[in-house]
Amino acid sequence: MNDKYNPKEAEERIAGFWEKNKVYEYKKGGKTYAIDTPPPTVSGQIHVGHAYSYSQTDFVARYRRMKGYSVFYPFGLDNNGLPTELLVEKQNNVTAEHVGREKFIELVETTIKDYERLYIEIYKRLGISVDWNHYYTTISNDVQKISQYSFIELYKMGRTYRKETPTIWCTKDKTALSQMELEDKTLRSKFVKIRFAPDVVIATTRPEMLPACVAIFISPDDKRAKELAGKKVKVPIFGQEVKILQDRRVDPEKGTGIVMCCTFGDATDVEWYKAYNLPLSVVINEKGQMTHEHFKGMKIKDARSAIIEELKKSNHLIEEKEIDHVVNVHERCKTEIEFMVKKQWYIKYLDMKDELLRLGRELNWHPEYARNRYENWINGLQWDWAISRQRFFGIPFPIWYCKNCDEPIMPDKKDLPVNPLSMKSKAKCPKCGSSESVPESDVMDTWATSSLTPLINRRWGLDSEIPEIYPMALRPQAHDIISFWLFTTVVKCYLHTGKLPWKDAMISGYGLDPHGKPMHKSAGNTIEPLPVADKYGADALRYWASSSKLGEDASFQEKEVITGARLMNKLWNVAKFISKNKSGGKDMSNIMDRWIMARLAETTKQATEMFDDYNYSGAKRVVEEFFWFFCDNYVEFIKHRIYNNDTSANYALNAAFLSVLKMLAPFMPYVTEEIYQELYKNGPGDSIHLSEWPGFDKKMHDKQSLEDGDKIYKTIAFIRQWKHSKGMALNAELENVVLEGIPEEGEPEVRGAMNIKKITRGKGEAEIPETGIRAKLQ
RNA sequence: GGAGGCAUAGUCUAAUGGUAGGACGGCGCCUUUACACGGCGUAGGCAGGGGUUCGAUUCCCUUUGCCUCCACCA
C-alpha cells in the first residue's frame, strides 16, 4: 500500500472503476428501493449547499444498496423553467420571444450541454451513486410527452378549467406569475391623500390608478360609515361616479380609514372585485403602460407623478409624503407586480383538501415535524392552482381552440408532444365539428411538470415504462419547497394513480455559508464543491454533510472538512498496519478480541437502527466513535500479539476493521473502496458498495467479555495515566505492577499492552474507578 | 399576523428527566516499528424568566435573538 492516500488521484480513478463495473446500475428484481431525486435547476451554479443535501440522500441510497435492495436512483435536470430561460437568453444575447419556441428549445438544449457536463461531473465526483441510465431533463421530448399527457388526462377528469381571472402579472417579463414567484421589497414611495368629496378623503400610494377606481370602501366600525355608506362620489379629474361600500377588510386606523378600490391596485382590490361584483376598468397594459386616454403610453411611475401634479392643480391633493413601504415584486427581476385579467388554466384542488391532508398523514415524514408545513399550507389554500404562463419557453399546452366556438381541442396521445404554435390540430372541434382552430400560445408552469417526477422516473405511458418502481420508496428534498414540489407532486400523482407517490419523505436542511447565510450568486458567497473536493477529497466534503442531523441547516466549516480528511487518513494508516501484519486464522480465543467484537456488535446494532430511521448522522457518529476507540485502545492493546502472529488478534482486527469500513462506506465511498480493494475484495470488479451491510451477531454480543474487557481496558488506561503523570512515554518499560482483582485472562493483556515485565497479584493501593481492581504502581 | 425550526465552551457540533460527549483553537506532556494529518492529559459551555418534578440543559409556558415558509402591506 502507498504510504499516503491521495484523494484526488484515487477518487478520479475509483469513479472510473464504479462506472466500468456498473456498480450503481438498477437491476430489476428483489426488493426495490426507488428514490425520487430532486432535479436541480439549471441556473449556472452549483455550490456546497447542493453537495450537502445530495450527499445526505446518497448516504441512504448506499446503505439500502448494501442492505440488499435493488436501488433505483435516477437523476434529472430541471431546464424548463425561468432560470434556464434567463441563462440561455443572456448567454446567447437573444430573447425567447424573438427566436421562437422550437428554435429556443433547441438553443436551450445546445447551450446547456456544457452545464449538463459540468453538473454531471460534479455529482459524479461527489460520489453521488446515481444510475445515469435513468437521466432526464424536464424539457426533453419524453418529459414533454408525459407532462402534456398528464394535462390531457386531468382535463378529461374535469380537473382543469380555464377562466378569465385577475392574475398576478410581471410587466417586465410580460408573464403571469404564481404566488411562489413573489418576494417582498421595501420601496421609497409617495403616500398621498386625495379629496373625493369634502368628507371623503382617501389615502393611496397609487394615485395613477384613479381612472380605474370602481368603488370606495369604509369599515362598518367607522363612525362615519352610517352617514357615508351607500352614497356616491365623483372621482377627481376622471369624473366617474363610484359608490361607497362597507367592508371589514378596511382598517379604520390606517391612512384616512377610507380606501379606493381600483381594478387592480393590489390583492385586496381583487378580493373586493370578486366579492362585490364590481365593474372592470383596465388602465394598464401587459407592458406596464397606461391605456387610459389621459396618460396613454406613459409608464406607471411617470403617470403617478403626472397625476399628482394634476391633483395639485385641481386642488384635490391634501397631503403628500415620502414613505418606505413593502410591496410584492417578481423575485427574478424585482419588478413590482400588477394584476391583469387573463384567461388562465387552473387545476382544481380546493375540493381535495381533506384527502390531501389524509395523504400527508399516510406519508412517513423524516423528521416528523416537517408534516406541519404540509398541513399548514393546505389549510391556508384559497385559490386553485394556476398553471399557465404567458412565456415562450417551456412545455406548451397541448391545445387548440375552435375558431368557431372556442372549445378546446386536444391531440391524440400518440401524437405527443405537440407544439400548437407550429402545427395544426389534426382533430376537428368535438363540439361543433369545425376544422378551423387557433393554437394556445401559453406554456405550463414548471411546477406542473416537476410535480410529475415519480411518473417521469417511471416513464409513465412510454414503451420503456418501469412500473415496479412506483410508488417510490423515498422523496428526498429540502424544507423550503414542501408547499410547492412535495405538495404538487402529491396532488398530481394522486390524481393520476390514486396512490401516494412515495412511502417516506426525507426533508433536509440547507448547507449555508460559513456565517450561516444561504449561498447565492448575487450575494457573492458561494463556495464551489470541486475545489474543496480537490483539496481534501470528496469524502471529506461528504463528512461535513454527514455531521449534522436530518432537517437541520449547517454552515460550511472548512475545519469540519479537515476533520473528515483526518478520518480518511486514520483509516488509511490502520489499513497500512493491517496489510503489513496480515496472517491467517479464524479463532477468537482472546478476551480482548471477544471484547472488541462485542463492542462492535453494539455499534452495528445502533448504526443499523439509526440508518433505518434515516438518522444517518447518528449512524455515522456511533461508527466513527467506535473506530477511534478501536484505534486508540484495541489496536494498541493487541500490537504485542499481532507482532507475534497471534491468529485470534489477527482475525478480530480484520473482522472489526472490515465492518467499520463497510459502515463508513455510505459516507466515505472512495477511501473505503480503495482500502477494500487493497485488503478485502473477493475478485475483480467486486465493490464494497455491493457488499453486505454488517449484521448484528448475537453470539458476538457476549456480555461477560464486554464486562471483563472493559475492566482490562480501564486498568490499562489507569496505567497510561500514571505513566503520563510521571512524564514517561506510554510504552516505557515497567518493572513490576501489583494488581488486585484483575480477571485472569487480563493479566497477559495488561502486561503486553503496557510493557510490564512482571505483574504481581497482591494487595493494591489505588482503586481503579468502576472496576473493583486495585493497583500498586512504582 | 399565522405555521415551523433553532439557541449548548472562543468557534462548530452531539446526546440526555439525575456526573453535558466530540471537533477546531489554547495550554502541558509523550518522537513507541499504522499514523505528529498521531497519542496522552488539562482549562473552558446548556440565551433570559416562570412552571411541572424529589430532581429540568432536556418536558410545558413566556421573553429575546436568528432562520424558513405563508399571509398582510390604502
Side-chain angles (χ1 to χ4, degrees), chain A residues 1 3-5 179-180 182 184 186-187 191-194 202-207 209 216-217 249-251 254-262 265-269 323-328 367 369-377 379-382 478-484 507 509-510 512 514 516-518 536 544 547-549 551-560 562-581 617-618 621-622 624-625 628 631-633 635-636 639 642-643 717 720-721 723-733 755:
Chain A
M1 286 180 72
D3 197 45
K4 295 270 177 215
Y5 174 69
Q179 286 176 31
M180 306 166 188
L182 305 184
D184 287 349
T186 305
L187 286 181
F191 186 71
V192 296
K193 289 184 181 168
I194 304 166
I202 67 107
T204 182
T205 53
R206 303 207 57 182
M209 295 305 292
I216 301 285
F217 281 92
R249 274 165 277 208
V250 181
D251 179 355
K254 256 186 186 171
T256 59
I258 304 177
V259 191
M260 69 170 176
C261 170
C262 309
D266 64 28
T268 318
D269 288 348
I323 56 156
D324 285 325
H325 77 145
V326 182
V327 293
N328 275 143
Y369 60 72
R371 177 184 283 114
N372 293 327
R373 286 225 185 167
Y374 175 87
E375 296 197 343
N376 188 234
W377 171 258
N379 288 327
L381 281 177
Q382 290 189 49
H479 50 60
D480 57 335
I481 49 174
I482 289 173
S483 46
F484 308 161
I507 306 299
Y510 272 174
L512 307 168
K517 298 282 171 216
Y536 301 107
W544 162 64
S547 304
S548 66
K549 69 178 172 192
E552 294 290 303
D553 296 344
S555 52
F556 179 76
Q557 300 294 329
E558 192 159 351
K559 65 188 178 67
E560 191 68 18
I562 292 170
T563 305
R566 295 226 168 102
L567 175 59
M568 289 155 64
N569 190 253
K570 194 80 176 172
L571 285 164
W572 187 254
N573 283 315
V574 175
K576 260 172 26 190
F577 173 70
I578 288 176
S579 74
K580 278 182 189 169
N581 297 290
S617 60
R621 191 184 63 246
V622 295
E624 188 187 13
E625 261 169 24
W628 285 99
C631 292
D632 297 343
N633 298 288
V635 174
E636 296 300 328
K639 272 182 173 168
I642 288 289
Y643 296 146
R720 274 180 167 178
Q721 220 162 337
K723 280 188 177 177
H724 173 80
S725 70
K726 301 285 174 202
M728 296 162 83
L730 294 182
N731 67 340
E733 193 180 68
N755 197 13

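We name chains A, B, ... by the order of the sequence lines, and we start the count at 1 in each one. FYI, side chains are in, hydrogens and waters are out, and symmetry mates aren't considered; it's all heavy atoms of this structure.
For Thr205(A) and Lys517(A), each mapped to the nucleotide of RNA chain B holding its nearest heavy atom, the one lying further toward the 5' end belongs to Lys517(A).
One atom, CZ of Arg720(A), and another, P of rU42(B), lie 14 Å apart when rounded to the nearest Å. Between Leu730(A) atom CG and rC30(B) atom P the separation is 11 Å, expressed in whole Å. Rounded to whole angstrom, the span from the CG atom of Asp632(A) across to the C1' atom of rC37(B) amounts to 14 Å. Here the P atom of nucleotide rC70(B) and the CG atom of Asp480(A) are 9 Å apart, to the nearest Å. Remark: P of rC30(B) and CG of Asn731(A) are 13 Å apart, rounded to the nearest angstrom. Rounded to an integer number of Å, the gap from CZ of Phe577(A) to C1' of rU33(B) is 9 Å. Note: NZ (Lys726(A)) to C1' (rG28(B)) measures 17 Å, nearest angstrom. In this entry the distance linking CD of Glu375(A) with P of rG2(B) reads 19 Å, nearest Å.
An OP1 or OP2 oxygen of rG38(B) is reached within less than 4.0 angstrom by a side-chain nitrogen or oxygen of Arg566(A). Residue Lys639(A) places at least one side-chain N or O under 4.0 Å from the OP1 or OP2 atom of rA34(B). At rG39(B), one or more side-chain N or O atoms of Lys570(A) fall inside 4.0 Å of OP1 or OP2 (strictly under the cut-off). Put simply, Arg371(A) has no side-chain N or O that comes within less than 4.0 Å of OP1 or OP2 on rA3(B).
Counting distance only, with no hydrogens placed and no angle test, the side-chain atoms of Gln721(A) and the base atoms of rC30(B) include no donor-acceptor pair under 3.5 Å. The base of rG39(B) is not paired with the side chain of His724(A) by any donor and acceptor separated by under 3.5 Å.
If you take atom P in rG10(B) and the same atom in rC6(B), they sit 23 Å apart, rounded to whole Å.
The aromatic rings of Phe484(A) and Trp377(A) stand perpendicular to each other, their planes meeting at an angle above 60°, with 30° marking the opposite boundary.
A side-chain contact (heavy atoms from CB on, under 4.5 Å) with Ile202(A) is found for one member of Val192(A), Val259(A), Ile258(A) and no other, namely Ile258(A).
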*Might you work through the side chain to side chain contact (heavy atoms under 4.5 Å, CB included) test for Tyr369(A) and Ile507(A), ending with a clear yes or no?*
CA-CA 10 Å; Tyr369(A) 60 72; Ile507(A) 306 299; over 6 Å; no
*Would you give a per-nucleotide map of nucleotides 5-15 of chain B, 5' to 3', where B means the base has a protein non-hydrogen atom under 4.0 Å away, S means only the sugar-phosphate does, and - means neither?*
SS----BBSSS
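Cation-pi geometry between Lys639(A) and Phe577(A) is satisfied (NZ or CZ under 6.0 Å from the ring centre, within 45° of the ring normal).
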